[in-house]
Amino acid sequence: MTDPLRTPHPTTARLRPFADNPARWDAEWSRALQVGRIAYDTGSSAAADEPYLVHERTGWGWLAWTVPADGSMPERPHQIGVLPPSATWTDRLAARWLARRPAGRMALHATSPGSLRYFAVVVAVIGCFAAFDAIARGVPLGIAVPVALLSPLLADHLPDRLDMRARRRVRVAHGAAAAGYLQRLAVLHTGLLRAAASSDRYELRRSAEIGQQLLWDAAGLLQTHDTRSASPQLIACERLMLQLADQVAQIIERTATEDGTADADQAHAPRRPLGPYPPGFRPTTPPAPQNAHSTSPLKGTLLMAQTEPSPAAHTPDVYLLFAHEPYYPGPGTQEINTTVVAAASLLHPQVLQPDGARIHDLLTHGRQPGEIIPLSTLTHELGGGADWPAVGNWERVTTDLVQLVHSGDCDALSLGLPEIARALVCTGPSSHVRAYDAAADDFIDYGPTERAAVLAEVDAFLASLVAEQDLWPGDGLLTPLARTGQEPR
């Protein structure tokens, strides 16, 4: 299992508040400043327990933004609400209710934390006059006074009850990790909606419908799970959304090409290959051209035959493959989302220890020399991830490894895997991944065979690289763990 959060290109990575109407954000910031509900730094004692939220309604739900004290725009929404795929009028009314402007409140006493909504105060005033009138008309005092006293309390409590009922019709994601993940999906889905609105093509409308379903499913997962426990499902949601966005872009490009005078061959852009490669490295044998009708995400050669290692010793020349938060090495470069390092890099002193050494021990026992082991395979071997706490913090270890690669303290094969290939190496050896084909309006299933093909192609690239010089694991490595007949803990 690897980090499921996947960053789109920096130019489209985030939604900005009221991107189509910047003046609206300026007005909301001024209003928040007047009511004194701006979001101070978390370390400030003046930070509000309930920050002032600015709600931005969209076609698929809403985004709730906090208002930073320095007047800048927030980087991430405080919460994101998502409508169901086939939203009814009642669903949309519930979303409008939840995305209403925050109610003003009046403190009951200067030193008391209690407060009432202004609406409840108005009801209280009206209730007093109504009670006097009712008593004058002969209504018993024991009825008129309790009703007048309870009316403002009921008025203050009623919006909370309506909030509870409205939340049953929408899904809301809270927290930095959940909102940040759903924000990236919302960026992609917004593009699908705009493409569908500007065209009458069925493929674009269907992609927007599926995008809404994916957004709804992801919001449901984030409501009930954290991003780590739900990572396999979140990976699948984001991969499908990325694929939809890519297919929509290709449809729009083909349509523009067909309507113009360009050559029809330019309408079919080639699929993104593995890469980029380390400096000075080029594969000795380029990958075979892909069959347009093949369902395999990548094609490559078979893994090279290896000799059987001794189970009692650490297998040499084993490599760890793991996906991570994508990054771009420089302007105009291809995205890097997967890395291969020598197993010995886990023993580097800058990697979290003893976690790195324990993972190295697990990685190098019972393997074939030269074998590439995905992190998801280790997760599969550890009871689907249940035993990871007894081995080590794989998230911190892989983060440290990426930092080593960035700083040049070890060698690595940096890869930009296509979405399907990356999803396959992020799942277990027996898992399946489904991809939606907008043109055929059907799903394609990828399984262990396609996963093996991805690893075979990675192996072919790595074999070409290490034929001249093996990956340097770094300097000052720690001593591997010595087994005593028990698994490391």
Side-chain angles (χ1 to χ4, degrees), residues 1-7 173 175-178 180-182 217-240 315 318-326 337-341 343 345-347 351-367 371-402 415 417 419-434 446-448 450-452 454-455 458 481 483 486-489:
M1 185 186 304
T2 53
D3 191 342
L5 305 185
R6 191 176 194 281
T7 305
Y181 172 79
L182 209 58
D217 292 342
L221 288 170
L222 294 169
Q223 267 191 335
T224 57
H225 302 80
D226 57 34
T227 54
R228 181 173 181 178
S229 61
S231 59
Q233 297 93 327
L234 295 177
I235 288 173
C237 286
E238 187 165 3
R239 178 191 51 74
L240 283 173
T315 305
V318 177
Y319 302 93
L320 174 66
L321 180 149
F322 61 96
H324 48 76
E325 186 77 8
N337 55 34
T338 309
T339 296
V340 180
V341 297
S345 294
L346 290 162
L347 302 173
V351 174
L352 178 66
Q353 300 297 344
D355 302 51
R358 291 171 178 165
I359 297 175
H360 172 270
D361 184 80
L362 181 68
L363 183 71
T364 56
H365 276 84
R367 312 297 180 183
E371 188 175 1
I372 299 174
I373 308 297
L375 184 65
S376 59
T377 298
L378 299 183
T379 298
H380 173 75
E381 295 172 353
L382 291 171
D387 295 334
W388 265 122
V391 176
N393 187 340
W394 61 266
E395 292 176 303
R396 172 69 183 280
V397 168
T398 54
T399 300
D400 291 345
L401 288 173
V402 172
L415 304 171
L417 293 182
E419 287 78 14
I420 295 175
R422 184 173 186 265
L424 285 169
V425 300
C426 288
T427 57
S430 302
S431 300
H432 289 258
V433 171
R434 292 206 309 163
Y446 299 91
E450 289 76 24
R451 185 178 187 269
V454 174
L455 295 178
V458 175
L481 295 180
R483 288 204 168 190
Q486 295 182 349
E487 294 296 325
R489 288 292 183 266

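All residue numbers refer to positions in the sequence shown, counting from 1.
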What heavy-atom pair brings [X] and [Y] nearest, and what distance separates the two atoms?
| X | Y | value |
| --- | --- | --- |
| Leu375 | Trp394 | CD2-CE3, 3.6 Å |
| Leu455 | Pro374 | CD2-CG, 3.8 Å |
| His360 | Ala343 | CD2-O, 3.1 Å |
| Arg451 | Pro429 | NH1-CA, 3.6 Å |
| Ser430 | Pro448 | CA-CG, 4.1 Å |
| Arg367 | Leu362 | NH2-O, 3.3 Å |

Which value, rounded to the nearest 0.5 Å, describes the distance between [X] atom [atom1] and [Y] atom [atom2]?
| X | Y | atom1 | atom2 | answer |
| --- | --- | --- | --- | --- |
| Gln233 | Glu238 | CD | CD | 14.0 Å |
| His432 | Leu424 | NE2 | CG | 10.0 Å |
| Leu320 | Leu363 | CG | CG | 5.5 Å |
| Leu415 | Arg422 | CG | CZ | 11.5 Å |

Side chains of [X] and [Y]: does their closest heavy-atom pair fall under 4.5 Å?
| X | Y | value |
| --- | --- | --- |
| Trp388 | Asp355 | no |
| Arg358 | Leu481 | yes |
| Val351 | Ser345 | no |
| Thr399 | Leu352 | no |
| Leu346 | Thr364 | no |

Donor-acceptor under 3.5 Å (Tyr181 side chain, Leu234 main chain): yes
Main-chain N/O of Thr427 paired to Ser376 side chain as donor or acceptor, under 3.5 Å: yes
With Phe322, the side-chain contact (heavy atoms from CB on, under 4.5 Å) member among Leu378, Val402, Val340: Val402
Positive for side-chain contact (heavy atoms from CB on, under 4.5 Å) with Leu321, one of Thr377, Thr339, Ile372: Ile372
